[in-house]
Amino acid sequence: MHGNFVISLDFEIYWGVHDVVSLESYRDNLLGVRKVIPHLLQLFKQYEVNATFATVGLLFFDSKEELLTALPEQKPQYKHRELSPYHQQIELAGKDEEKDPFRFALSLITDIQNAGQEIGCHTFSHYYCLEEGQTEEDFKADLISAKKIASKRGVELKSFVFPRNQYNESYLHICKKEGFTSFRGNERSKIFSVKTVGKETFFRRPFRLADAYLNLSGHNCYSKEEMKNGALINIPSSRFLRPYSQKLALFDKMKFKRIADSMTYAAKNGLTYHLWWHPHNFGTHILKNLFFLEKIFLHYKQLNRTYSFESRNMTQLAEELNK
């Protein structure tokens, strides 16, 4: 029984961070995505790595005019209005991708398609499933809009990544009814349990940071039986790949060892290891981030040769498990 190496990327550009940072303060990271994705696709090809780009539906559009004709019939009425792109962000969107590279990304989606990498779903509007003011009916309407625009671009959405990893069982059943086969769940440890935006506490953050360098929460690797136990195939996160930080650069060897040790554990024991991040995390210090990722891929190739550790995107793994 071989283990699996899964990579997923939350592809959202500005739709996923607009409620946290201003466009001006995060401009370099967001523009850097357009440099990062071609490099990522090249690395994936070079090291024979399959990845899932979980993409926000709003990025699929060719123009603002097209976008405005395809909005969901029902929209979430979040208590915290800034979470909704319908509140202000869509009005601020430019005419098209050339005028607004932060809110449109059809050319990048096409590049991902042409590279043979999977495009998954990150909801239509970067939808928050645990926030006050939204309903199951709103969520279903959001999924329908995401599927429609993806289908228009020749993409069948099968894998799912919940924004901010917020979900519950009822939303998983909605996903299943809409044809999704897998999703990315959360690590088992309590330090990774999901809270709503308003209830997120500072208490767990230092533990999460320390866990990126020291094994506090375990290897977070998963057996086939664990992943099949639910409405959808659950391919939980093993590790968020933290981007390069000048302040923490001295600890990069520890960060790499933390990831490599868990990958090795998964390979030796026939388990799945799931690494994820956002392209905009690599938007600055691009070369340093890519160099670190390439070290991970070199380790993967060693495990592939020694233990038949296999790279799978989310849908490939779900199909394997469903057999």
Side-chain angles (χ1 to χ4, degrees), residues 7-38 40-41 51-62 64 67 70-72 75-76 78 80 82-90 92-94 97 100-113 117-131 134 139 142-143 145-147 149-150 153 155 157 159-167 180 183-184 194 197 237 240-243 275-284 289 314:
I7 282 182
S8 62
L9 299 100
D10 297 8
F11 185 27
E12 56 202 30
I13 311 187
Y14 193 48
W15 296 116
V17 297
H18 74 269
D19 58 305
V20 180
V21 296
S22 69
L23 182 57
E24 288 306 315
S25 68
Y26 208 56
R27 175 179 290 268
D28 290 345
N29 280 78
L30 299 174
L31 287 177
V33 169
R34 297 185 175 272
K35 299 177 183 177
V36 165
I37 286 184
L40 288 176
L41 294 176
T52 297
F53 285 77
T55 305
V56 169
L58 289 167
L59 294 177
F60 280 86
F61 291 94
D62 191 35
K64 183 175 181 178
L67 185 158
L71 299 181
K75 302 175 182 64
Y78 300 120
H80 300 285
E82 68 277 5
L83 297 177
S84 174
Y86 309 115
H87 171 51
Q88 194 175 41
Q89 290 303 317
I90 287 179
L92 295 174
E97 188 172 353
D100 191 346
F102 308 105
R103 298 180 179 89
F104 297 92
L106 183 56
S107 69
L108 294 177
I109 291 170
T110 301
D111 289 344
I112 295 166
Q113 283 178 285
Q117 298 294 345
E118 182 187 17
I119 296 174
C121 185
H122 201 37
T123 72
F124 181 79
S125 63
H126 206 263
Y127 190 103
Y128 300 105
C129 294
L130 297 183
E131 296 299 325
Q134 54 79 37
F139 179 64
D142 184 278
L143 293 195
S145 292
K147 288 169 59 183
I149 186 57
R153 305 304 182 209
V155 175
L157 299 173
S159 59
F160 200 89
V161 172
F162 288 89
R164 304 270 172 91
N165 298 314
Q166 293 186 12
Y167 71 91
F180 292 94
F183 77 105
R184 188 183 71 212
V194 176
V197 172
S237 164
F240 169 64
L241 179 55
R242 290 183 176 271
L275 187 69
W276 72 278
W277 69 98
H278 311 85
H280 61 72
N281 296 139
F282 281 20
T284 56
N289 283 309
M314 291 177 65

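Note that the structure is a prediction, hence the values are computed from the model and not measured.
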On a heavy-atom basis, which atom in [X] and which in [Y] lie closest, and how many Å separate them?
| X | Y | answer |
| --- | --- | --- |
| Thr55 | Ile109 | CG2-CD1, 3.9 Å |
| Gly16 | Arg164 | O-NH2, 3.8 Å |
| Val33 | Pro279 | CG2-C, 3.9 Å |
| Leu9 | Leu40 | CD2-CD1, 3.8 Å |
| Leu58 | Phe61 | O-CD1, 3.5 Å |
| Pro101 | Ile13 | O-CD1, 3.9 Å |

State whether the side chain of [X] and the backbone N or O of [Y] hold a donor-acceptor pair below 3.5 Å, judged by distance alone.
| X | Y | value |
| --- | --- | --- |
| Glu131 | Tyr128 | no |
| Glu12 | Val56 | no |
| Gln166 | Leu130 | yes |

| Side chains of Ser25 and Ser22: donor-acceptor distance under 3.5 Å anywhere? |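 Checked: Ser25/Ser22 side chains pair up, N/O donor to acceptor below 3.5 Å.
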| query | With a 3.5 Å cut-off and no angle check, do the side chains of Gln89 and His18 form a donor-acceptor pair? | reply |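 No donor-acceptor contact under 3.5 Å links the two side chains.
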Tell me every residue that passes side-chain hydrogen bond (donor to acceptor under 3.5 Å, both in side chains) with [X], counting only those two or more places apart in sequence or in another chain.
| X | result |
| --- | --- |
| Ser125 | Asp142 |
| Asn29 | none |
| Tyr26 | His280 |
| Trp276 | Ser237 |

Test side chain to side chain contact (heavy atoms under 4.5 Å, CB included) applied to [X] - qualifying residues, sequence neighbours left out:
| X | answer |
| --- | --- |
| Ser84 | Tyr78, Tyr86, His87 |
| Ala93 | Lys64, Asp100, Arg103, Phe104 |
| Val161 | Asp10, Ala54, His122, Arg184, Met314 |
| Arg153 | Phe60, Asp62, Glu66, Leu106, Ile149 |

Is there side-chain contact between [X] and [Y], with at least one heavy-atom pair below 4.5 Å?
| X | Y | result |
| --- | --- | --- |
| Phe139 | Cys129 | yes |
| Phe160 | Thr52 | no |
| Asn281 | Val36 | no |
| Phe53 | Leu108 | no |

| task | State yes or no: are the ring centers of Phe162 and Tyr167 separated by less than 6.0 Å? | result | yes
| request: For Phe282, check ring-ring contact (aromatic ring centres under 6.0 Å, His included) against everything at least two apart and list the hits. | output: Trp277
| note | Applying salt bridge (charged side-chain N to carboxylate O under 4.0 Å, His left out) to Arg34 and not counting sequence neighbours gives Glu97
